[in-house]
There are 2 protein chains.
Amino acid sequence: MKTATVYDVAKRAGVSRGTVDRVIFNRGRVSQKTVEKVREAIRELNYSANPSASALASKQIHCFACLIPQHQKGEYWDVVDEGFKHGLEEITFCNVDLRMYYYDQNDIESYRKMAAEILELRPRGVITNAVFKEAVTEFSYKLKDLAIPMAFIDNKYDDLDFDIYCGVDPYNSGQLGAYLLTVHQKVESVAMIRVVRDSGKHADPNAPRRHGFVDYIADHFPDSAIYTLFIDPSSSESIASSMDRFASAHPEVRHYAVTNSRLFLIANWLKDNYDPERVVVGFDDLEGNLKAMREGLVDFLVTKDIPGQSNYLLTNFVRNVIYSQPPKVKNNYVHMDVLSKMNCNK
Amino acid sequence: MKTATVYDVAKRAGVSRGTVDRVIFNRGRVSQKTVEKVREAIRELNYSANPSASALASKQIHCFACLIPQHQKGEYWDVVDEGFKHGLEEITFCNVDLRMYYYDQNDIESYRKMAAEILELRPRGVITNAVFKEAVTEFSYKLKDLAIPMAFIDNKYDDLDFDIYCGVDPYNSGQLGAYLLTVHQKVESVAMIRVVRDSGKHADPNAPRRHGFVDYIADHFPDSAIYTLFIDPSSSESIASSMDRFASAHPEVRHYAVTNSRLFLIANWLKDNYDPERVVVGFDDLEGNLKAMREGLVDFLVTKDIPGQSNYLLTNFVRNVIYSQPPKVKNNYVHMDVLSKMNCNK
DNA sequence: CATGATTAGGTGCACGCGCACGCATTCACA
DNA sequence: TGTGAATGCGTGCGCGTGCACCTAATCATG
């Protein structure tokens, strides 16, 4: 079965190809009556542009902007970034130019500054994550004024307007971590390791995951103690001493969970203080975390396909925007994956 | 940066576009010297055809054939099939016609018959899985004679010629299943449930997985007994009675593994004879298996992205064949995934 | 050496679309 | 009523390929 072309639509509507083109792209210069005739013909013939021909003919470069946290090599957002790069390659034929912008997770003003730059760029679409409620909300409203669609990656604010989202259900991921930490066991006390942050400024993005974790433990082991332990990522000596202090204060604790993505920070301590009885669970398959797992220091990692997620989001978002179609699924909750020493090699 | 076109290649090689075209598609009618000049120019300019323009210009329909086991709705190969369908949609602009052929897993002659039909069709490429060593080998040789490339899905024969493979490492998956069955526990005896087959005719495709499972148990629990229990998929009453018989003969066994994909066959028995102390592990996220997991009858499922795997294989294979490029990675070992009650909802 | 077949290579067109340009007709306003 | 601007619509070209068709040179053969 042959698909309809602009020419078919034009013939059916009794106009020329140029007019059909103007209607499709809302370029104006068409009378209301004609617009409706053309729309009708498009609907009747179920016309949609041949993507190959579009890409070939259009010399226009579709500019998209992405605003995510700045990061070091190997960190969580670095892997997200890779996924975007990879997705970009998949849609080369769409002539997409993806501009990356990075903000400082501890500085809401840096987010605002980058957001302003993006607004000036007037891209066809924007991807960002949910961090500073206030700043993201402002940004979202301004984008809406300019009719620029927006997508959330990794986490989102449900009350804002966005086209598409891709990420895991963080509360559920916390529950899964707790399940794996305690499966087939009796548990009396659990240590939950957090990273100190300049937390006055913004909501901790890991909070929902932590809540899932805590709720699961409380539900299934109501008599168990949950200790929270803060470590400072900027100093490895301070990490070791924090861990030492905790371990000697609570020698009975065998179950450790790191609810953020940086389990690798305590890998050295786990190695230097190895205890075969200890159970350790972490999140996200960063290279450092995987290394710790291969060394037998970690029992389970809860993760997901991080680059796959950003890849998926980008390619779908771009397609939606370029061909002005609504997303098939707005909220894409990615599948959580469990890694153990037996399946942690890519 | 502009990508090179055929025209650029032609200019560089000092020939015309038509000659470049003949070289790329091996249409002959070009002297050896010129062929090399053109190849050289292609390499230097890192030329690859613009997929949009190719798709637009080519009216040719690329016919591919796929030969996999016949199946019922919801079974393993049904999910594989879905992945192919989905992949086909992603590459609509490539004008691919994928013809599906199905054989009877218990009848090597049915494989031969379908293979013969495919040979007559002369497709651009063939996808199949490794089942009947003899028949697949014959098929592979005949395809090679016709210069038709071949891809393996799910499992493979390493000594045959194929372009690309996609599947899990089955031995490793068996090990992972054993690990999850026994993690954090002392194990004295294990039941391994198999499906009776017309096993004289062909090698059991699940053998490597079973070996991985058995080896892991033997390595980590040398004193543990491993019992093998056969069930007959065609009769649910016989399944129940087999299970009953085994359970009363070996009441001490708490660890059950189903090493094929049909854990769902014993779901009813597990429910009717529920034992909170029992640990159950299975393979593959078929709908029936997931249902059993949601009902709390199964502790872990080892699986992978089944449709994703076939989708990936198809899209890459087609691209390789159409643009006559070698695959980036020939052996694609897909990541194994662990499902528990906490992450078994899509 | 004549003749036809074969080999090596070039050229033109169509694919479906985006977009720049061009040409009428109508409208606003002096 | 004349004139320039705005409106409504049609046409032609080019994007990079694939492929059918054409030409010139070479070769085999009697």
Side-chain angles (χ1 to χ4, degrees), chain A residues 1-39 41-42 45-62 92-96 124 322-324, chain B residues 1-39 41-42 45-63 92-96 124 319 321-325:
Chain A
M1 105 129 200
K2 281 248 316 133
T3 53
T5 71
V6 258
Y7 190 78
D8 299 323
V9 174
K11 206 161 62 182
R12 178 127 194 165
V15 296
S16 76
R17 294 164 25 238
T19 305
V20 174
D21 177 69
R22 275 184 287 270
V23 170
I24 291 174
F25 293 98
N26 295 312
R27 292 194 222 276
R29 311 218 139 210
V30 186
S31 73
Q32 195 52 39
K33 226 168 47 189
T34 313
V35 167
E36 266 146 37
K37 268 196 302 183
V38 173
R39 292 242 168 87
I42 288 177
L45 296 175
N46 192 22
Y47 169 81
S48 83
N50 178 325
S52 301
S54 289
L56 188 61
S58 149
K59 325 182 60 65
Q60 186 192 335
I61 288 166
H62 302 286
T92 41
F93 64 88
C94 290
N95 297 326
V96 172
R124 300 272 327 245
I322 293 185
Y323 304 129
S324 45
Chain B
M1 101 129 203
K2 280 245 321 127
T3 54
T5 72
V6 257
Y7 190 77
D8 299 323
V9 174
K11 206 162 62 181
R12 177 130 196 164
V15 296
S16 77
R17 293 164 26 238
T19 305
V20 175
D21 177 67
R22 275 184 287 270
V23 171
I24 291 174
F25 293 99
N26 295 313
R27 292 194 222 277
R29 313 217 139 212
V30 185
S31 73
Q32 195 53 41
K33 228 170 41 190
T34 312
V35 168
E36 265 146 38
K37 266 196 302 183
V38 172
R39 291 243 169 86
I42 289 177
L45 297 174
N46 192 22
Y47 169 80
S48 84
N50 179 325
S52 302
S54 290
L56 187 61
S58 151
K59 327 180 59 68
Q60 185 192 336
I61 288 166
H62 303 287
C63 185
T92 41
F93 63 89
C94 291
N95 296 325
V96 172
R124 301 269 331 242
R319 260 195 285 264
V321 171
I322 294 185
Y323 304 129
S324 45
Q325 283 166 356

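Sequence lines set the chain letters: A, B, ... in the order given, protein chains first and strands last, and positions in each chain run from 1.
Contact between A:Arg12 and A:Leu45 at its shortest, heavy atoms only, is NH1-CD2, 3.8 Å. Closest of all the heavy-atom pairs between A:Arg124 and A:Ile322 is NH2-CA, 4.1 Å. The two residues B:Val30 and B:Arg22 have their closest heavy-atom pair at CG2-CB, 3.7 Å.
Atoms CG (B:Asn26) and P (D:dG18) sit 13 Å apart, rounded to a whole Å. Distance B:Asp21 CG to C:dT11 P: 14 Å, rounded to the nearest Å. What separates CG of B:Asn50 from P of C:dC17 is a distance of 16 Å, to the nearest Å. Atoms CZ (A:Arg29) and P (C:dA24) sit 16 Å apart, rounded to a whole Å. Distance, B:Lys33 NZ to C:dT7 C1': 14 Å, rounded to whole Å. Between the CD1 atom of B:Ile61 and the C1' atom of D:dC19 there is a distance of 16 Å, given to the nearest Å. Atom OH in A:Tyr47 sits about 8 Å away from atom C1' in C:dG16, given to the nearest Å. Taking atom CG of A:Leu45 as the reference point, atom P of C:dG16 lies 14 Å away to the nearest angstrom.
No N or O donor and acceptor, one from the side chain of B:Arg27 and one from the base of D:dG18, sit under 3.5 Å apart. Interface remark: the A:Arg17 side chain does form a donor-acceptor pair with the C:dG18 base, using a distance-only criterion of under 3.5 Å. Below the 3.5 angstrom threshold, one finds no donor paired with an acceptor across the side chain of A:Arg22 and the base of C:dG18.
Distance from the side chain of A:Thr34 is smallest to D:dC9 among D:dT17, C:dG9, D:dC9. With D:dG8, D:dG16, C:dC17 as the candidates, the nucleotide lying closest to the side chain of A:Ser54 is C:dC17. Side-chain atoms of B:Thr19 lie closest to C:dG10 of the nucleotides D:dG16, D:dG18, C:dG10. Distance from the side chain of A:Val15 is smallest to D:dG10 among D:dG10, C:dG16, D:dT17.
Closest-nucleotide positions on DNA chain C for B:Ser58 and B:Gly14 were compared, and the one nearer the 5' end corresponds to B:Gly14. Both B:Ala57 and B:Val30 sit near DNA chain C, but only B:Val30 has its closest nucleotide nearer the 5' end.
Side-chain atoms of B:Leu56 and A:Asn50, non-hydrogen and from C-beta on, do get closer than 4.5 Å to each other.
In B:Lys37, the NZ atom is crowded: over 12 heavy atoms of neighbouring residues, nucleotides or ligands sit closer than 6.0 Å.
Using a 4.0 Å cut-off, some side-chain N or O of B:Ser31 falls inside it from OP1 or OP2 of C:dG9. Contact annotation: A:Thr5 side-chain N/O to C:dG16 OP1/OP2 distance is not under 4.0 Å.
If you check every strand for non-hydrogen atoms under 4.0 Å, B:Ser52 touches nothing.
Here the side chain of B:Asn95 pairs a donor or acceptor atom with the backbone of B:Ser58 at under 3.5 angstrom.
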Walk me through whether B:Arg17 and B:Val20 qualify under side chain to side chain contact (heavy atoms under 4.5 Å, CB included). CA-CA 5 Å; B:Arg17 293 164 26 238; B:Val20 175; 5.6 Å; no
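Axis orientation changes by 40° from one end of the helix from C:dC1-D:dG30 to C:dA30-D:dT1 to the other, with each end axis drawn from 5 pairs and the value rounded to 10°.
Under the side-chain contact (heavy atoms from CB on, under 4.5 Å) rule, B:Thr19 has a single partner from B:Ile24, B:Thr34, B:Val35, B:Val6, which is B:Thr34.
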